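Have a look at the structure below, then the notes.
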Amino acid sequence: MFETELAQIAERIRAILAEHGIPAPESIDWSPIPFSGTWGVATNFFRVAAAEARAGKAPQGMKVPQRAQQIAALVAEALGTPEGFQKVEAVRGYLNLYFDPAAYAQHVLEVAFRQQQRFGSLAPRGQRVLVEYSQPNTHKAFHVGHLRNVILGESVCRILEAAGYDVVRANYIGDIGLHVIKWLWNYINYHHGEAPPAEGKIRWMGDLYAEAVKRLEANPDLEAEVRALFARWDARDPEIVALWEKTRQWSMEGFDEVYERLGVHFDRVYFESEVEDPGKELVEEMIAKGIATDERPDGPVVVHLDELLGLKKETYRSYVVLRSDGTSLYATKDLPLAILKFQEYPDLARSIYVIDVRQSLYMQQIFKTLEIMGYPWADKLYHLAYEVVNLPGNVTMSSREGTVVLLEDLMREAAARARAVVEEKNPALDDTTKDAVADAVGMGAIKYTMLARENTKIVTFDWERALDFNGVAAPYIQYAHVRANSILRKAGEAPADVLAPAHTLHPAEVELISQLAQLPEAVRRAAEDFKPLHIANQAYEIARAFNDFYNQCPVLNAEAEEVVAFRLRLVAAAKYALAAALRLLAIDAPERM
RNA sequence: GCCCCCGUAGCUCAACAGGAUAGAGCGUCGGACUUCUAAUCCGAGGGUUGCAGGUUCGAAUCCUGUCGGGGGCGCCA
């Protein structure tokens, strides 16, 4: 807000400094004034004073903070009070500019009314980015660890869109590999002809996989059967391929249900199976170019990155692109997939991989290899690393080990608990609404706990914490939205125009407007760092400010008609902001609860 | 052996590009519903930001070292 005005003031400050022979800083940055209880921006002159001191030009015997204050005072004096501002002051080396409250409040409301549910959105950039996330394996379970990926990926997509990017949502399905063969082996031998239940397809698929692993561990001799089956699959035995396609579809249907429930959809779904053959061809090309070393039959096909780059220190190390028996592994397929993405979307400004942090080295190896191969877009690849979800006691979630919390169990439990709370808090609602509210609150609570955390921090899954609806949590924000909605409903017609306040603003109004105004900046930062956390924090701050306002400032029964009119508009703006922020977190904003 | 991440209140976490007085929630104690939904609000208590140096006018934030925890390092995905 007020970027052009501030740029002009910055120029005037430069001129004032120049007049006094004081070296100008390379940039003049503005930040909010803390502890002020009103709106304004500040900049400081410590850098200027320090630079002056280093140059030996500082007035004799004057310390940097003291000199900074002197310069701030000097600038304040020369600047006067610019148009649109109420007050200018120099405090402890800072120059504080206070906006005219009425004008500022009106400006914030104007933006909110113009953007409405898109409040906080930035101008279009005309750039396209692709985000690959979720990446589930068919024939396996979908647990809470996978949930963090989906939620983070989806939120990042929404944030990037709000920041003006054109976003391609991509999924990459692990539909082939040893795990699939093991599953098929178990199915053919012990479950032939069975079909998954209508409810809980993913659980059923996961159970059969776990069973396969258990059988093979109990009797390692059976591995030979699995290898034989893998050979048939590799030879494209029609019977096996048909069964693979049919069973894969069961997993896909299960995934679709989950995505539907989470509010996630993809623009492009890639399958590992579609890049396997291109990958094998690519490996041959890499061998021919001397990028990959063929150590067969005694070893696999390897890319020795450090050697290729002439690095003496271990950096990128080496990795295998093709097994010694000629079968593919992850790297065989990730390389052609990266290429395929840029063939389909040549104008990508960024190709982002949402993948957990344990694969950081691997990702760097893939990116570096593509760079060595000469792909000009290699520098646009970005690994968005996030930490894993563990169980208490630092237990890694593993479908093999059976140490998992299944997504469907979590969602069911969340809905059930939320439903009980709705029943207690608002029994007057009809059943359909109660169900909808329970879903919004339950899913929201889960999503918020995963997003309101630094990507690089491990989440320890705990039932009580994940489903705690109190405190800093989605329901708190949703409740503020509901309260705002409730006031607007009672008021009748929603206000469509904007008013400047005619009364002296209450501190709670000041704080609320101030928090609303910070949403666009939160969007900018969240998009820049790929951190939904910034939105989660800002959403909470807005809700907190709104609840405080709600408590202290009557709206419909305010003391004067003009106050009612202004506050109604403020409530509407707050509702827009809350809905917008929740939308960026992929959390529903119910109308009542 | 090499590399990455984490360490902030009793617990779980915040803290914009290094800026003014490090903030929330939970838990504990004490208050506020005849008033727009109390899933709310107010108050109290709680800190040598693991430790030691360094850079800087200024460090939770950057650098070096160190301790503790987690993770990754050629045929798993």
Side-chain angles (χ1 to χ4, degrees), chain A residues 27 29 31-35 42 44-51 53-54 63-68 91-94 96 135 137 140 174 177-179 272 295 299-304 313-315 317-325 327 329-331 356-362 364 385 387-388 390 394 396 421-422 424-426 428 441 449 452-454 456-458 460 462 464-465 468-473 475-476 478-480 482-484 486-491 518 521-522 524-525 529 533-534 536-537 540-541 544 547-548 550-558 567 571 592-593:
Chain A
S27 69
D29 309 318
S31 58
I33 307 172
F35 332 113
N44 68 64
F45 295 94
F46 295 109
R47 295 155 80 92
V48 171
R54 272 194 299 275
K63 298 265 192 248
V64 167
Q66 196 185 352
R67 175 62 177 157
V91 180
R92 303 175 64 178
Y94 287 81
N96 294 338
Q135 308 115 326
N137 285 326
K140 267 191 172 181
L178 197 54
H179 76 276
E272 274 190 50
E295 299 176 0
V301 181
V302 183
V303 178
H304 295 285
K313 202 178 157 189
E314 287 182 24
T315 308
R317 300 168 174 274
S318 305
Y319 70 99
V320 174
V321 278
L322 195 69
R323 288 199 188 92
S324 49
D325 66 1
T327 57
L329 19 65
Y330 242 38
D356 83 62
V357 70
R358 292 174 300 192
Q359 304 207 36
S360 292
L361 174 60
Y362 170 72
Q364 294 317 307
E387 263 293 359
V388 295
N390 282 346
N394 252 321
T396 308
V421 177
V422 179
E424 176 203 329
K425 303 284 185 187
N426 201 346
V441 167
T449 54
R453 176 177 256 99
E454 202 66 63
T456 51
K457 285 197 176 173
I458 294 173
T460 300
D462 176 70
E464 291 308 316
R465 238 187 337 254
D468 187 355
F469 300 146
N470 299 308
V472 183
Y476 180 92
Q478 292 168 320
Y479 184 60
V482 164
R483 281 178 143 182
S486 179
I487 292 174
L488 295 171
R489 196 174 59 238
K490 287 218 160 72
Q518 287 176 47
E521 177 61 13
R524 194 193 60 74
R525 283 171 44 213
D529 307 337
L533 166 66
H534 292 142
N537 283 345
Y540 175 76
E541 289 302 325
R544 194 186 50 71
N547 278 326
D548 188 36
Y550 183 94
N551 221 266
Q552 297 198 55
C553 303
V555 175
L556 300 175
N557 303 318
R567 285 185 179 163
V571 170
R592 52 185 82 200
M593 63 189 267

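The shown structure was predicted, so the numbers you read here are calculated from the model rather than taken from an experiment. Chain letters run A, B, ... following the sequence lines, proteins first and then strands; every chain starts at 1. Side-chain atoms are counted along with the backbone in the values below, which use heavy atoms only and exclude waters and symmetry mates.
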Practice item. Establish whether the base of B/A20 is bridged to the side chain of A/Asn96 by a donor-acceptor pair shorter than 3.5 Å. Key: yes
Practice item. With RNA chain B as reference, determine whether A/Ser31 or A/Asn390 sits nearer its 5' end, using the nearest nucleotide of each. Key: A/Ser31
**Study point:** Main-chain N/O of A/Met593 paired to A/Asn426 side chain as donor or acceptor, under 3.5 Å
**Key:** yes
Check your understanding: For the side chain of A/Arg317 and the base of B/C73, is some donor closer than 3.5 Å to an acceptor across the two?
Key -> yes
Revision key, fill the gap. Looking only at B/G74, B/U40, B/G25, the nucleotide nearest the A/Asn551 side chain is B/U40
Exercise for review: Using the C1' atom on both, measure B/A17 against B/C11 and round to a whole Å.
Suggested key: 32 Å
Check your understanding: Are any of A/Arg483's side-chain N or O atoms less than 4.0 Å away from OP1 or OP2 of B/A38?
Key -> yes
**Study point:** Point-to-point distance, once rounded to the nearest 0.5 Å, from NZ of A/Lys425 to OH of A/Tyr479
**Key:** 8.5 Å
**Study point:** Rounded interatomic separation in angstrom, taking CG from A/Asp548 and P from B/A32
**Key:** 19 Å
Practice item. Could you work out the separation of B/C63 and B/U55 based on their C1' atoms and round it to a whole Å? Key: 7 Å
Study note, to complete from the structure: Exactly one of A/Val321, A/Leu322, A/Val320 clears side chain to side chain contact (heavy atoms under 4.5 Å, CB included) with A/Val303, and that residue is A/Val321
Check your understanding: Within the structure, does a side-chain N or O atom of A/Tyr550 lie under 4.0 Å from either OP1 or OP2 of B/A38?
Key -> yes
Practice item. Could you tell me whether the side chain of A/Tyr550 and the main chain of A/Val555 form a donor-acceptor pair under 3.5 Å? Key: no
Exercise for review: Calculate the interatomic distance between A/Asp462 atom CG and B/C13 atom P; express it in whole Å.
Suggested key: 11 Å
Practice item. Output yes when a side-chain donor or acceptor of A/Arg592 lies under 3.5 Å from a complementary backbone atom of A/Ser486, and no otherwise. Key: no
Practice item. Indicate yes or no: does A/Arg323 engage A/Asp325 in a salt bridge with an N to O separation below 4.0 Å. Key: no
Review point. Taking the side chain of A/Glu314 as its heavy atoms from C-beta onward, which of B/C2, B/A39, B/U35 lies nearest to it?
Key: B/C2
Check your understanding: Which one, B/A24, B/A14, B/A20, comes nearest to the side chain of A/Ile33?
Key -> B/A20
Review point. Phosphate oxygens OP1/OP2 of B/C4: is one of them under 4.0 Å from a side-chain N or O of A/Ser360?
Key: no
Point to revise | Nearest-0.5 Å distance, OG1 of residue A/Thr449 to CG of residue A/Asp468 | key: 10.0 Å
Practice item. Answer yes or no: does a side-chain N or O of A/Lys457 lie under 4.0 Å from OP1 or OP2 of B/G70? Key: no
Review point. Out of B/C16, B/C41, B/C76, which has the shortest distance to the side chain of A/Arg323?
Key: B/C76
Point to revise | Nearest-nucleotide pick for A/Arg525, side chain only, options being B/G74, B/C16, B/U37 | key: B/C16
Review point. For A/His534 and B/A15, what is the distance between atoms NE2 and P respectively, to the nearest whole Å?
Key: 6 Å
Point to revise | B/U56 and B/G74, which share atom name P, separated by this distance in whole Å | key: 43 Å
Check your understanding: Below 3.5 Å, does any donor atom in the side chain of A/Ser324 face an acceptor in the base of B/C75, or the other way round?
Key -> yes
Exercise for review: Verify the contact: side-chain N or O of A/Arg54 to OP1 or OP2 of B/C57, cut-off strictly under 4.0 Å; return yes or no.
Suggested key: yes
**Study point:** Nucleotide nearest A/Ile487 when distance is taken to its side chain, options B/C41, B/C36, B/G70
**Key:** B/C36
Revision key, fill the gap. Checking N1-N3 plus N6-O4 or O6-N4 for Watson-Crick, or N1-O2 and O6-N3 for wobble, each under 3.5 Å, the partner of B/G68 is B/C6
Check your understanding: In Å and rounded to the nearest 0.5 Å, what is the CD to CG distance from A/Glu272 to A/Asn137?
Key -> 6.5 Å
Check your understanding: Between A/Tyr540 and A/Tyr476, how do the two ring planes meet: parallel, tilted or perpendicular, split at 30° and 60°?
Key -> tilted
Check your understanding: Considering Watson-Crick and G-U wobble pairs with both distances under 3.5 Å, what does B/G1 pair with?
Key -> B/C73
**Study point:** Rounded P spacing from B/G10 to B/G45 in Å
**Key:** 15 Å
Practice item. Whole angstrom is fine here: how far is it from NE2 in A/His304 over to P in B/C75? Key: 12 Å
Review point. Below 4.0 angstrom from OP1 or OP2 of B/C3, is there any side-chain N or O of A/Lys313?
Key: yes
Revision key, fill the gap. Rounded to whole Å, the CD-P distance (A/Glu387 to B/G72) equals 10 Å
Practice item. Identify whether the glycosidic angle of B/C33 places it syn (within 90° of 0) or anti. Key: syn
Point to revise | Separation of B/C16 P from A/Leu533 CG (nearest whole Å) | key: 10 Å
Revision key, fill the gap. Which of B/A77, B/C57, B/G70 is nearest the side chain of A/Asn394? It is B/G70
**Study point:** Options B/A15, B/U12, B/C75, nucleotide nearest the side-chain atoms of A/Val320
**Key:** B/C75
**Study point:** Integer angstrom distance from the P of B/A22 to that of B/C26
**Key:** 23 Å
Exercise for review: Kindly label the base of B/A17 as syn or anti, based on whether its glycosidic torsion lies within 90° of 0.
Suggested key: syn
Review point. So does A/Tyr330 get a side-chain nitrogen or oxygen closer than 4.0 Å to the phosphate oxygens (OP1/OP2) of B/A77?
Key: no
**Study point:** Nucleotide nearest A/Val472 (side chain, heavy atoms from C-beta), chosen from B/A24, B/C75, B/G74
**Key:** B/A24
Review point. What integer number of Å spans the P atoms of B/C42 and B/G23?
Key: 16 Å
**Study point:** Nearest-nucleotide 5' precedence on RNA chain B, A/Ala51 against A/Val91
**Key:** A/Val91
Study note, to complete from the structure: Across every strand shown, the nucleotide meeting Watson-Crick or G-U wobble geometry with B/C62 (both distances under 3.5 Å) is B/G54
Check your understanding: Considering only the P atoms, how many Å lie between B/C16 and B/G1, rounded to the nearest integer?
Key -> 36 Å
Review point. Rounded to the Å, how far apart are A/Ile458 CD1 and B/G70 C1'?
Key: 5 Å
Check your understanding: Whole Å only: how far is the CD atom of A/Gln552 from the C1' atom of B/C36?
Key -> 15 Å
Review point. Out of B/C36, B/A39, B/A20, which has the shortest distance to the side chain of A/Lys490?
Key: B/C36
Review point. Taking the same atom, P, in B/C2 and in B/G18, what whole-Å distance lies between them?
Key: 29 Å
